[in-house]
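Keep in mind the model is a prediction, meaning the values are calculated, not measured. Starting from 1, each residue takes its place in the sequence as its number.
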Amino acid sequence: VNGMRFSFAIQNVFVLTKDGTLGLKLTKQLPADTAYCLKRLVQKGHFIAIATGRAQYDAAHVAKAYGIHSFVADGGNSLTLDGKILKLEPLPLTAAKAVLREFEKQGIPWAAATENEPIMRSKYDSFDISGYTHFEQHYGTDDTIDSIQAVYKIFFDCPAVMPNLHGLPVIPYLGNRLLIEPTHKEKGIFELMKIMGESPENVVVFGDGMNDISMFTKPFFCIAMGNAKKELKARADYITDRNDAGGIVKACSKFGWI
């Protein structure tokens with residue numbers, strides 16, 4: 001991590017999700033035993049990265065607080081290795097704009113992240129963004145959709161009738177709000193391994209939420225936290241304790257990684 005990977009042969013690549021695996025809830029607080037475990041993994045010659053649905057800029061901010069500088073973000077659409085952005089891909093623009101126009105037809109308020117920055121763009125000054133306190137909201141005019149050059153995420157309230165989403169994935173966000181964002185973390189991990197020249201067979205993934213389920217696939221060795229969703233546990237090779245009860249240390253000790 002942070003340049004150290006070139007000084008020794010990597011034994012395993014550990015990919016951990018953030019909010020319910022590394023951190024406590026939606027904070028950047030890292031349990032002391034987890035911090036110790038990450039340090040020992042690096043000392044033992046392993047490589048550590050994060051996989052998250054969060055935007056690249058947001059993932060970078062939180063990962064830095066954890067002392068981690070490599071991550072798959074944007075649900076698999078962006079790659080950062082040793083602090084350098086290697087890939088930053090938005091949603092398919094034609095499909096994203098088509099979805100926004102569908103929302104317009106049905107009168108569904110929306111807000112879209114159109115930059116790799118904490119900014120949301122919307123035509124609706126009534127669209128409440130209090131659930132995303134790190135976002136600043138900019139309002140456009142009638143040409144808002146036409147002038148958009150990129151879309152990374154789309155937030156909208158759950159409608160009575162779901163419009164055509166033109167093949168874009170949607171996941172629950174907060175309360176009645178839904179989120180359109182990429183959901184293929186596993187693709188990003190495979191790409192990162194190819195860039196690093198590492199075998200996917202050496203990848204160990206830790207996860208807890210439904211947005212982690214795509215990376216619970218072979219040939220990765222998959223570990224579900226004790227606080228993980230039951231669907232994730234059903235796919236896991238091993239189920240450890242909760243993230244706030246030493247789950248990461250327990251798994252890494254059991255398999256002799258630290």
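- A distance below 6.0 Å separates the ring centres of Phe255 and Phe221.
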After noting the C-alpha distance and the side-chain angles of Arg121 and Glu115, does the key distance pass the salt bridge (charged side-chain N to carboxylate O under 4.0 Å, His left out) rule?
CA-CA 9 Å; Arg121 189 169 180 175; Glu115 307 284 345; 6.0 Å; no
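- Atom CG of Leu179 and atom CG of Leu174 lie 9.5 Å apart (nearest 0.5 Å).
- Shown here for Gly188 and Leu79, the closest heavy-atom pair between the two residues is O-CD2, 3.3 Å.
- One distance of note links CD of Glu231 with CE of Met210; it measures 4.5 Å at 0.5 Å rounding.
- Ile50 and Ile223 fall within a single hydrophobic cluster, where Ile, Leu, Val, Met, Phe, Trp and Tyr are joined by side-chain heavy atoms under 4.5 Å apart, directly or via other members.
- Closest approach of Lys44 and Ile258 over heavy atoms only: CE-C, 3.9 Å.
- Rounding to the nearest 0.5 Å places CD1 of Ile108 at 10.5 Å from CG of Leu100.
- No side-chain heavy atom of Phe156 sits less than 4.5 Å from a side-chain heavy atom of Arg177.
- Taking 4.5 Å as the limit, every side-chain heavy atom of Thr183 sits out of range of all side-chain heavy atoms of Asn211.
- Note on Leu81: it clusters hydrophobically with Ile189, by side-chain heavy-atom contacts below 4.5 Å among ILVMFWY residues.
- Linking Ile, Leu, Val, Met, Phe, Trp and Tyr residues whenever their side-chain heavy atoms come within less than 4.5 Å leaves Ile85 and Met196 in two separate clusters.
- Side-chain N or O atoms of Asn164 include one that pairs as donor or acceptor with a backbone N or O of His166 at under 3.5 Å.
- Ile171 is not listed as a side-chain neighbour of Leu178, based on a closest heavy-atom distance of 4.5 Å or more.
- Between Asp244 and Arg242 there is a salt bridge, with a side-chain nitrogen of the basic residue lying less than 4.0 Å from a carboxylate oxygen of the acidic one.
- Distance check, rounded to the nearest 0.5 Å: CE of Met225 to CG of Leu232 gives 11.0 Å.
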Could you check Ile145 against Arg101 for side-chain contact (heavy atoms from CB on, under 4.5 Å), going step by step and ending with a plain yes or no?
CA-CA 8 Å; Ile145 296 176; Arg101 293 190 174 97; 3.8 Å; yes
Show, in sequence, the C-alpha distance, side-chain angles and deciding distance for His69 and Lys84, and conclude whether the side-chain contact (heavy atoms from CB on, under 4.5 Å) test is met.
CA-CA 8 Å; His69 304 279; Lys84 180 180 179 180; over 6 Å; no
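- Under the 30°/60° scheme for interplanar angles, the aromatic rings of His46 and Phe14 are found to stand perpendicular.
- Within the 4.5 Å cutoff, no side-chain heavy atoms of Ile119 are placed close to those of Thr114.
- Of the charged side-chain nitrogens involved, at least one lies within less than 4.0 Å of a carboxylate oxygen, so that Lys185 and Asp212 count as a salt-bridged pair.
- A 4.5 Å side-chain heavy-atom check between Val42 and Ile48 finds at least one atom pair inside the cut-off.
- Taking the six-membered ring for Trp and the full ring otherwise, the centers of Phe220 and Phe190 sit less than 6.0 Å from each other.
- With Asn77 contributing its side chain and Pro182 its backbone, the two residues share no donor-acceptor pair below 3.5 Å.
- Minimum interatomic distance between Cys252 and Phe206 (heavy atoms only, all atoms of both residues): SG-CZ, 4.1 Å.
- In this structure, a donor-acceptor pair under 3.5 Å is absent between the side chains of Ser78 and Glu89.
- The closest donor-acceptor contact from the side chain of Thr52 to the backbone of Ala73 lies at 3.5 Å or more, if one exists at all.
- Of all heavy-atom pairs between Arg235 and Cys222, the closest is O-CB, 4.4 Å.
- Here the side chains of Lys254 and Tyr238 are in contact, with some heavy-atom distance below 4.5 Å.
- Salt bridge Lys250/Asp33: absent, no basic N to carboxylate O contact under 4.0 Å.
- Annotation: the span from Leu38 atom CG to Tyr66 atom OH amounts to 9.5 Å, rounded to 0.5 Å.
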Could you go through the side-chain contact (heavy atoms from CB on, under 4.5 Å) check for Val99 and Ile180 one step at a time?
CA-CA 10 Å; Val99 168; Ile180 293 174; 3.8 Å; yes
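- Between the side chain of Asp241 and the backbone N or O of Gly246, no donor-acceptor pair lies under 3.5 Å.
- Rounding to the nearest 0.5 Å gives a distance of 4.0 Å between OG of Ser70 and CG of Asp82.
- Both Val151 and Tyr173 belong to a single network of hydrophobic side chains, linked directly or stepwise wherever heavy atoms of I, L, V, M, F, W or Y lie under 4.5 Å apart.
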May I have the step-by-step check of side-chain contact (heavy atoms from CB on, under 4.5 Å) for Asp157 and Trp110, ending in yes or no?
CA-CA 7 Å; Asp157 288 331; Trp110 55 267; over 6 Å; no
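- A salt bridge between Asp58 and Lys153 is absent, with no side-chain N of the basic residue lying under 4.0 Å from a carboxylate O of the acidic one.
- Residues Val170 and Ile154 share a hydrophobic cluster, clusters being chains of Ile/Leu/Val/Met/Phe/Trp/Tyr side chains in contact below 4.5 Å.
- In this structure, Val72 and Val15 have side chains that are not in contact, with every pair of non-hydrogen atoms separated by 4.5 Å or more.
- In this structure, the side chain of Ser253 engages the main chain of Val249 through a donor-acceptor pair within 3.5 Å.
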Derivation of the side chain to side chain donor-acceptor pair (under 3.5 Å) call for Gln56 and Asn116
CA-CA 7 Å; Gln56 191 281 334; Asn116 185 37; 3.0 Å; yes
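- Glu198 is not listed as a side-chain neighbour of Phe47, based on a closest heavy-atom distance of 4.5 Å or more.
- Applying the 6.0 Å contact sphere to NZ of Lys87 captures more than 12 heavy atoms from other residues, nucleotides or ligands.
- Side chain to side chain, Glu186 and Ser214 meet the donor-acceptor criterion of an N or O pair below 3.5 Å.
- The minimum heavy-atom distance between Ile248 and Cys37, with the atom names listed, is CG2-SG, 3.7 Å.
- No donor-acceptor pair under 3.5 Å is formed between the side chain of Lys233 and the backbone N or O of Ile239.
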